[in-house]
There are 2 protein chains.
Amino acid sequence: MKYGIVAFPSKKVQDFANSYRKRYDPHYALITPHMTIKGVFEANENEIKKIAENVAHVAKDHKPFTLKTSKVSSFAPVTNAIYFKVEPTEDLISLHKSLNAIGFNDDETYAFVPHITIAQKMNASEHDDIYPQLKMIGAEFEEQIDRIHLLYQLEDGSWTVYETFRLSGAE
Amino acid sequence: MKYGIVAFPSKKVQDFANSYRKRYDPHYALITPHMTIKGVFEANENEIKKIAENVAHVAKDHKPFTLKTSKVSSFAPVTNAIYFKVEPTEDLISLHKSLNAIGFNDDETYAFVPHITIAQKMNASEHDDIYPQLKMIGAEFEEQIDRIHLLYQLEDGSWTVYETFRLSGAE
């Protein structure tokens with residue numbers, strides 16, 4: 001089964017992101033707007049119990065972090081995805097590293113570029129057409145995130161929550 | 001903001017339900033297959049913190065319950081919704097009552113008929129056409145549910161998880 005760990009921004013940010021995702025993101029109906037903190041990984045039902053325990057430990061060790069978005073950016077030409085750029089604060093990077101230390105990571109290793117996707121799966125010309133428009137929306141938000149969510153994927157591609165973990169660390 | 005409390009059945013049951021919801025349930029993309037335990041209610045961001053604390057207490061007092069579905073049924077003629085009928089066990093009814101005792105309930109009071117919706121928003125003739133077909137699928141499942149989820153609704157109608165609560169009571 002496929003799992004992933006995300007943070008959901010506030011309703012305000014999600015509604016704002018959705019106003020664009022609705023048109024530009026084919027994953028719009030599969031999951032609400034989110035920032036991935038630990039990318040998709042495979043685990044079976046026994047493994048996930050142990051993983052969830054480990055995530056609980058990580059969450060107890062980390063305090064809530066500030067999710068600050070500053071602008072709209074793009075992964076092109078690597079991949080034609082447009083997103084709200086999330087500031088890679090020390091707290092967030094540290095949380096990401098601790099979650100990856102659990103194991104069960106993607107085979108491929110990417111640099112961690114925290115983001116909230118609002119458009120994807122476009123061809124190059126669609127991307128080049130839409131990107132300048134989306135750049136202008138100026139996604140400036142700042143909020144506290146005090147929980148993370150372990151999700152799993154259904155056969156139709158949609159994501160269901162497995163468990164929520166409060167970031168309850170002192171620092 | 002609108003909130004609700006649900007249980008998600010296993011991936012197997014969700015995939016099975018989705019194979020029908022995809023065609024027959026316009027809420028298909030808004031939420032994954034679920035059983036509502038506390039119906040939609042309104043609360044603001046301060047109220048929900050207190051409510052979440054109360055839900056945590058309820059979850060600590062209740063043990064995991066058996067979710068047993070036996071057949072496909074329909075709410076027609078009250079409403080044209082078709083669902084997997086969930087056996088109203090004592091554990092489940094008790095959990096439902098405890099969650100409603102928190103307050104913030106629907107104005108209208110319905111009897112609690114636990115179910116997993118697979119088709120809705122049809123007109124009467126569509127319903128009467130589809131219902132006999134769906135009745136034949138024979139939804140017989142039995143599994144343990146050890147957690148419940150507090151969700152909130154975005155402006156586009158989709159649901160995001162606010163928090164998960166483990167049913168950790170001894171009995």
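In what follows, every chain begins at residue 1, and chains take the letters A, B, ... in the order their sequences are listed.
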| request: Sort out for me which of A:Asn18, A:Leu30, A:Leu151 touches chain B most, counting heavy-atom pairs under 4.5 Å. | output: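 Heavy-atom pair counts peak at A:Asn18.
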| said: Does any backbone or side-chain atom of A:Gln153 lie under 4.5 Å from a heavy atom of chain B? Answer side chain, backbone, both or neither. | reply: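 Only the backbone of A:Gln153 comes within 4.5 Å of chain B.
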| chain B contact via A:Phe165 - side chain, backbone, both or neither, heavy atoms under 4.5 Å |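 Contact with chain B involves no heavy atom of A:Phe165 at all.
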| request: Determine, for A:Phe8 and A:Arg147, whether the Lys NZ or Arg CZ falls below 6.0 Å from the six-membered ring centre while staying within 45 degrees of the axis. | output: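 A:Arg147 over A:Phe8 ring: no.
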| query | Top residue by heavy-atom pair count (under 4.5 Å) with chain A, among B:Arg166, B:Glu45, B:Lys12, B:His34? | reply |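 Among B:Arg166, B:Glu45, B:Lys12, B:His34, the one with the most close pairs to chain A is B:Arg166.
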| message | If we count only N and O atoms by modelled type, under 3.5 Å, do the side chains of A:Glu143 and A:Thr66 hold a donor and an acceptor together? | response |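 No, no side-chain donor-acceptor contact under 3.5 Å.
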| Would B:Thr117 and B:His27 count as having a side-chain donor-acceptor pair, cut-off 3.5 Å? |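 B:His27 and B:Thr117 do not have a side-chain donor-acceptor pair below 3.5 Å.
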| query | Going hydrophobic residue to hydrophobic residue with side-chain gaps under 4.5 angstrom, can you get from B:Leu99 over to B:Met1? | reply |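 Yes, it is one cluster - the side chains of B:Leu99 and B:Met1 are joined through contacts under 4.5 Å.
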